[in-house]
*Asks:* 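First, the structure itself, so that you have it in front of you.
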Amino acid sequence: MGLPPTSPATEVLISGAGPTGLVLAIDLARRGVRHRIVDRSERGFPGSRGTGIQPRSQEVFDDLGAIDALWAAGGPCPIVRIWEGTTRVGEQRIVEPAEPSPGVPYGEILMIPQWRTVEILTARLEELGGRVEFGTELTGFEHDAAGVTATLRDAGGAQQTVRAEYLVAADGGRSTVRKALGIAFTGEQVDARPVLIADVMVEAELLDRDHWHMWPRAEGGILALRPLENVETWQVMAGFDDASHEPDPARDATPEALARLITERTGHPGVRTGEVRWASSFRARAAMAERFRTGRVLLAGDAAHVHSPAGGQGLNTSVQDAYNLGWKLGAVLRLGAPDALLDTYDTERTRVAADVLRLSTSVHQADQSGGGPSLRGRETHQLTLNYRESPLTRELRRDLPEGALRAGDRAPDAPCVDAASGTAVSLFDAFRGPHFTLLALGDVECAAPDAAWIRTYRVGGGPAADLLDTEGHAKAAYGSGLFLIRPDGYVGLATDDPADVAPYLARVAG
C-alpha cells in the first residue's frame, strides 16, 4: 500500500522516530501543532543500546505522561559483580546512590532497554492522537525562507512530496539531513578499540539475573553480561584490545560465536546462548555539529552530537534537545513568537552538548584508566545543567547569596498543599503541561497576563496563597520573588518587580 497521494497541512516534519523524535512529537501533539514523524524502519529501533535514563530525563518523561510506564518496564541500576575467570573478586556500584528529595523526585538512574523506551513513547504519542509513519524514509528536501519541501518514500517505493514549515532531523549520528546541509560534524575518536554489543538469550547457571556481571581484565578485552529489565534477554558487551579487529555482527554475534567468546573470556562452563535479537559494533567517538539550525531545518539528538556510551549521557541529552525545541516551535507556530526564538535552541543546546560531551569522554577515560567501571556521580544526573548564559535568561534580583537559585537554573520541585482543596500537590504538578508557570513567593504580587498558556500560583501561607508551602521547601529552594518557569522546567525570569513579567513574556511567547 503506497502513501496517500496528498498530504495534510504539516507544520513540523520529524525525520527519525527514536527517543528524540518521539519526545518532540509528543510535545507538539499536546500543543496542537500539526506534525508528521517518519522512520524508515518497519517497527522502531530493535536494540537495547541507550539503557540509562538520568533523573533529569525522568522529570521530562513525568511531564510528558510516560514516567509510570517506563518505571514499570525498567528498574534501578544493578550492582556489578566483578569476576576474574570463574572467581568472583568483588562487587561494585557504578552509579552513586541518591535518595529522592523535596527538590528532586527522581534520585536514581532508571535502566530500561532503548527498544522498550521507544515502544512506550510510541504508545504515549498514540494516546495523544499521533502516530509514527514506519517504513517511510525522507529521501530528499529543499528549504527556503518560508519552509521545507521534502520527498518521502515508503517501503513499496511510492513517493510523496510534503511541504512543512520546519524540518527536524532526528535521524541519528549518520544523519542524511545534516550531510545534505553540509554541516561539519567534528570530534575525536575516544577509544580506537572496537566494541560488540548484542541482545541475546543466555542460559548461565552460575550467573544470577540480579547483578551486572563484568570481566574487566579478561584476555582479549572486557566482557560484560547484563540481564535486561523485565525481559528474558541479556545484553552482551565485548571489547577488543586489538584495535585492528573489526567486529562484524553478522559473524561475531551468532549464538555459536558469542557462546565461544563468553566461554573463552570467562571460563564459565555451561553458558549457552540462543536467539540474537539485535547486535551492533562501534568505536567510542565524541562529535558535534557546528550548528544545530540552518534556516527552517533543525538538528536534534545524535544528528547533532554523539557520545561515548560510558557516561550514560547520549540518549538523555538527545531527549532534552527535543524538550527544549518543542516549546519553542509551539510558541512560534501557536503563540505568535518570532522565528528568532528558534535561534536560542541552537545557542542553548550547543553549549550544553559541548559540556556533556566532555563529561562523557572523561567518564570513559576514567573507566579505562582504572581497568574497570568507575563510579558515576551526581554530575551525570544532568540536574545541574543550566541556561544561565542564554539570551532568554533574565536574573533581575540583587544581592543574591552564594548558592542561590538563579534564572537559567532547573526549577526545583517542592511538596505543597492546594489551598482550595487541601490535597497534597507538588510544584511539578503545577508545572506539568505545555504552559509557562509564574510563581510568586513572599511579599510580591503576580502580574501574569490573562492567557491560556500561562498559569499563576502564589506560594506561601495565608488566605492569599494558591499553594501552601507547609514545610518551607519551596521557600528554601527558591527564596523570594517572582519566578517565571519555562515549559521545559527552567527559570526564565527571576525578579522582584511585577512590571518585568509582561515584557519578558512578549519576547518569548509573542
*Asks:* Does the side chain of R486 reach to within under 4.5 Å of the side chain of N324, using non-hydrogen atoms?
*Replies:*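 Result yes, sub-4.5 Å side-chain heavy-atom pair found.
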*Asks:* Quiz question: by atom type and distance under 3.5 Å, do the side chains of Q320 and S57 form a donor-acceptor pair?
*Replies:*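 On atom types as modelled, these side chains qualify, holding a pair under 3.5 Å.
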*Asks:* Determine whether a donor-acceptor pair (N or O, by modelled atom type, separation under 3.5 Å) exists between the side chain of T139 and the backbone of T151.
*Replies:*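 Side chain of T139 to backbone of T151: a pair is present.
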*Asks:* List in chain and number order the residues that pass side chain to side chain donor-acceptor pair (under 3.5 Å) with Q235, two or more places apart in sequence or in another chain; answer none if no residue qualifies.
*Replies:*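 Result, side chain to side chain donor-acceptor pair (under 3.5 Å) vs Q235: S48.
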*Asks:* Nearest heavy-atom pair of V162 and Q160: which atoms, and what distance?
*Replies:*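 Looks like CG2-OE1, 3.6 Å.
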*Asks:* For the backbone of I53 and the side chain of N316, can you confirm whether one donor and one acceptor N or O come within less than 3.5 Å of each other?
*Replies:*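 No; zero donor-acceptor contacts below 3.5 Å.
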*Asks:* Using the side-chain contact (heavy atoms from CB on, under 4.5 Å) criterion, which residues pair with E203? Sequence neighbours excluded.
*Replies:*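 Applying side-chain contact (heavy atoms from CB on, under 4.5 Å) to E203 gives R272.
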*Asks:* Heavy-atom count around D68 CG within 6.0 Å, excluding the residue itself: above 12?
*Replies:*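 Open.
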*Asks:* If only atom types and distance count, is the side chain of D418 paired as donor or acceptor with the main-chain N or O of L467 below 3.5 Å?
*Replies:*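 Checked: no pair found.
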*Asks:* If I take atom CG from residue L125 and atom CZ from residue R131, how far apart are they, to the nearest 0.5 angstrom?
*Replies:*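 With rounding to 0.5 Å, CG (L125) is 10.0 Å from CZ (R131).
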*Asks:* Under the salt bridge (charged side-chain N to carboxylate O under 4.0 Å, His left out) test, which residues partner D409, sequence neighbours left out?
*Replies:*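 Partners of D409 by the salt bridge (charged side-chain N to carboxylate O under 4.0 Å, His left out) criterion, ordered by chain and then number, come out as R388.
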*Asks:* Set out, in order, the CA-CA distance, both residues' side-chain angles and the distance that settles salt bridge (charged side-chain N to carboxylate O under 4.0 Å, His left out) for R116 and E229, then state yes or no.
*Replies:* CA-CA 10 Å; R116 191 73 184 97; E229 293 71 26; over 6 Å; no
*Asks:* Can you tell me if D171 uses its side chain to pair, donor with acceptor, with the backbone of T176 under 3.5 Å?
*Replies:*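 Yes, D171 side chain to T176 backbone: donor-acceptor pair under 3.5 Å.
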*Asks:* Begin with the C-alpha distance, continue with both residues' side-chain angles, and end with the deciding distance and a verdict on side-chain contact (heavy atoms from CB on, under 4.5 Å) for I94 and D367.
*Replies:* CA-CA 10 Å; I94 64 169; D367 286 351; over 6 Å; no
*Asks:* Once rounded to the nearest 0.5 Å, what's the spacing between atom CG of L438 and atom CZ of F483?
*Replies:*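 Here the rounded value is 10.0 Å.
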*Asks:* Below 4.5 Å, heavy atoms only, C-beta onward: do W212 and M111 meet side chain to side chain?
*Replies:*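 Touching, per the 4.5 Å side-chain cut-off.
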*Asks:* Taking all heavy atoms of P55 and all of L383, pick out the closest pair and write down the distance.
*Replies:*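 Answer, listing the atom of P55 first, then L383: CB-CD1, 4.2 Å.
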*Asks:* Please indicate whether R40 has more than 12 foreign heavy atoms, meaning atoms of other residues, nucleotides or ligands, lying under 6.0 Å from its CZ.
*Replies:*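 Count not over threshold, so no.
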*Asks:* Taking only residues two or more places apart in sequence, or in another chain, which ones meet E165 in a side-chain contact (heavy atoms from CB on, under 4.5 Å)?
*Replies:*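 By the side-chain contact (heavy atoms from CB on, under 4.5 Å) rule, E165 matches E11, R296, L333.
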*Asks:* For T344, which residues count as a side-chain contact (heavy atoms from CB on, under 4.5 Å) partner, sequence neighbours excluded?
*Replies:*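 With neighbours one apart ignored, the set is K328, L341, P391, L392.
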*Asks:* Keeping the roles fixed (side chain from R56, backbone from T384), state whether a donor-acceptor pair exists under 3.5 Å.
*Replies:*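 Here the side-chain-to-backbone pair does not exist.
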*Asks:* Give me each pair satisfying side chain to side chain donor-acceptor pair (under 3.5 Å) with a member in residues 99-109, each pair once, sequence neighbours excluded.
*Replies:*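 For residues 99-109, and leaving out neighbouring residues, the side chain to side chain donor-acceptor pair (under 3.5 Å) pairs sorted by first residue read D62-Y106.
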*Asks:* Salt bridge (charged side-chain N to carboxylate O under 4.0 Å, His left out) with R174: which residues, sequence neighbours excluded?
*Replies:*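 If we apply the salt bridge (charged side-chain N to carboxylate O under 4.0 Å, His left out) test to R174, skipping adjacent residues, there are no hits.
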*Asks:* Working to the nearest 0.5 Å, report the span between CG of L342 and CZ of F292.
*Replies:*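 That separation rounds to 14.5 Å.
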*Asks:* side-chain contact (heavy atoms from CB on, under 4.5 Å) between V33 and L329: does it pass, once the steps are laid out?
*Replies:* CA-CA 8 Å; V33 174; L329 284 167; 5.9 Å; no
*Asks:* Strictly distance-based, threshold 3.5 Å: is any side-chain N or O of R291 a donor or acceptor partner for the main-chain N or O of D346?
*Replies:*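 No; zero donor-acceptor contacts below 3.5 Å.
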*Asks:* With rounding to the nearest 0.5 angstrom, report the CZ to OG1 distance, R455 to T437.
*Replies:*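 Rounded to the nearest 0.5 Å, the CZ-OG1 separation comes to 7.0 Å.
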*Asks:* For F436 and W453, take the angle between the two ring planes, folded into 0 to 90°, and tell me which bin it lands in: parallel under 30, tilted 30 to 60, perpendicular over 60.
*Replies:*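 Because their plane-to-plane angle is over 60°, the rings of F436 and W453 count as perpendicular.
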*Asks:* Minimum heavy-atom separation for L121 to F61, with atom names?
*Replies:*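 That closest heavy-atom pairing would be CD2-CE2, 3.7 Å.
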*Asks:* Extract all donor-acceptor atom pairs below 3.5 Å that involve side chains of residues 13-20 and protein atoms in other chains or at least two apart in sequence.
*Replies:*
none

*Asks:* As an exercise, state the distance from CG of L138 to CG of L152, rounded to the nearest 0.5 Å.
*Replies:*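 Those atoms lie 6.0 Å apart.
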*Asks:* Any sub-3.5 Å donor-acceptor pair from H213's side-chain atoms to D208's backbone N or O?
*Replies:*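 Confirmed, H213 side chain pairs with D208 backbone.
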*Asks:* If every non-hydrogen atom of G103 is compared with every non-hydrogen atom of R410, which pair is closest and at what distance?
*Replies:*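 Where G103 meets R410 most closely, the heavy atoms are O-NH2, 2.6 Å.
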*Asks:* Determine which pairs satisfy ring-ring contact (aromatic ring centres under 6.0 Å, His included) with at least one residue from residues 111-131, sequence neighbours left out, and list them in order.
*Replies:*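 Every pair satisfying ring-ring contact (aromatic ring centres under 6.0 Å, His included) with a residue in residues 111-131: there are none.
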*Asks:* Is any side-chain heavy atom of P487 closer than 4.5 Å to a side-chain heavy atom of R31?
*Replies:*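 Yes; the side chains approach each other to less than 4.5 Å.
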*Asks:* So, do L261 and D252 sit near enough that their side-chain heavy atoms are less than 4.5 Å apart?
*Replies:*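 When only atoms from C-beta onward are counted, D252 and L261 do not touch, as no gap falls below 4.5 Å.
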*Asks:* Grab the two heavy atoms, one from G75 and one from L110, that are nearest each other, plus how far apart they are.
*Replies:*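 Looking at all heavy atoms of both residues, the closest pair is N-CD1, 3.4 Å.
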*Asks:* Residues two or more places apart in sequence or in another chain: which of them pass ring-ring contact (aromatic ring centres under 6.0 Å, His included) with Y490?
*Replies:*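 Scan of Y490 (ring-ring contact (aromatic ring centres under 6.0 Å, His included), adjacent residues dropped) gives Y387.
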*Asks:* Let's go through T317 and Q382 carefully: what are the C-alpha distance in whole Å and the side-chain angles of both, what is the deciding distance for side chain to side chain donor-acceptor pair (under 3.5 Å) to 0.1 Å, and is it a yes or a no?
*Replies:* CA-CA 8 Å; T317 306; Q382 300 202 344; 3.2 Å; yes
*Asks:* Not counting sequence neighbours, list each pair that qualifies as a ring-ring contact (aromatic ring centres under 6.0 Å, His included) and has a residue in residues 148-172.
*Replies:*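 For residues 148-172, and leaving out neighbouring residues, there are no ring-ring contact (aromatic ring centres under 6.0 Å, His included) pairs at all.
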*Asks:* Would a distance-only check, ignoring hydrogens and angles, find a side-chain to backbone donor-acceptor pair under 3.5 Å from R178 to L299?
*Replies:*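 Not at all, since once roles are kept as given, no pair shorter than 3.5 Å links the two residues.
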*Asks:* Could you give me the CA-CA distance, side-chain angles and deciding distance for V95 and T380, then say whether side-chain contact (heavy atoms from CB on, under 4.5 Å) is met?
*Replies:* CA-CA 9 Å; V95 176; T380 64; 5.9 Å; no
*Asks:* Would you name the heavy atoms of L64 and V23 that are closest together and state the gap between them?
*Replies:*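 Closest approach of L64 to V23, heavy atoms only: CD1-CG1, 3.7 Å.
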*Asks:* Are the side chain of R293 and the backbone N or O of G295 linked by a donor-acceptor pair below 3.5 Å?
*Replies:*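 Indeed, once roles are kept as given, a pair shorter than 3.5 Å links the two residues.
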*Asks:* Are the side chains of T254 and V276 in contact, using a 4.5 Å heavy-atom criterion?
*Replies:*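 The answer is no, as the side chains (C-beta and beyond) never meet within the 4.5 Å cut-off.
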*Asks:* Please examine the side chains of P434 and W327, heavy atoms only from C-beta on, and report whether any two atoms are closer than 4.5 Å.
*Replies:*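 W327 vs P434: side chains apart.
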*Asks:* Which residue pairs satisfy the ring-ring contact (aromatic ring centres under 6.0 Å, His included) criterion with at least one member in residues 35-60, sequence neighbours excluded?
*Replies:*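 For residues 35-60: F45-W278.
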*Asks:* Can you find a pair of side-chain heavy atoms, one from H305 and one from D321, that are under 4.5 Å apart?
*Replies:*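 Counting from C-beta outward, H305 and D321 do come under 4.5 Å.
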*Asks:* Show your working on side-chain contact (heavy atoms from CB on, under 4.5 Å) between S390 and T347 and close with a plain yes or no.
*Replies:* CA-CA 7 Å; S390 168; T347 302; 5.7 Å; no
*Asks:* Do the ring planes of F141 and H143 sit parallel (below 30°), tilted (30 to 60°) or perpendicular (above 60°)?
*Replies:*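 Judged by the thresholds at 30° and 60°, the geometry between F141 and H143 is tilted.
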*Asks:* Using modelled atom types and a 3.5 Å cut-off, is there a donor and acceptor pairing between side-chain atoms of R277 and backbone atoms of D199?
*Replies:*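 Absent.
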*Asks:* Please round to the nearest 0.5 Å and tell me the distance separating atom CD of E96 and atom CZ of R378.
*Replies:*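 That separation rounds to 5.5 Å.
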*Asks:* Check whether any side-chain heavy atom of F185 lies under 4.5 Å from a side-chain heavy atom of K179, and answer yes or no.
*Replies:*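 The answer is no, as the side chains (C-beta and beyond) never meet within the 4.5 Å cut-off.
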*Asks:* Within the supplied structure, the quantity of interest is the number of heavy atoms (other residues, nucleotides, ligands) at a distance under 6.0 Å from R93 CZ; does it exceed 12?
*Replies:*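 Not buried by this count: 12 neighbours or fewer within 6.0 Å.
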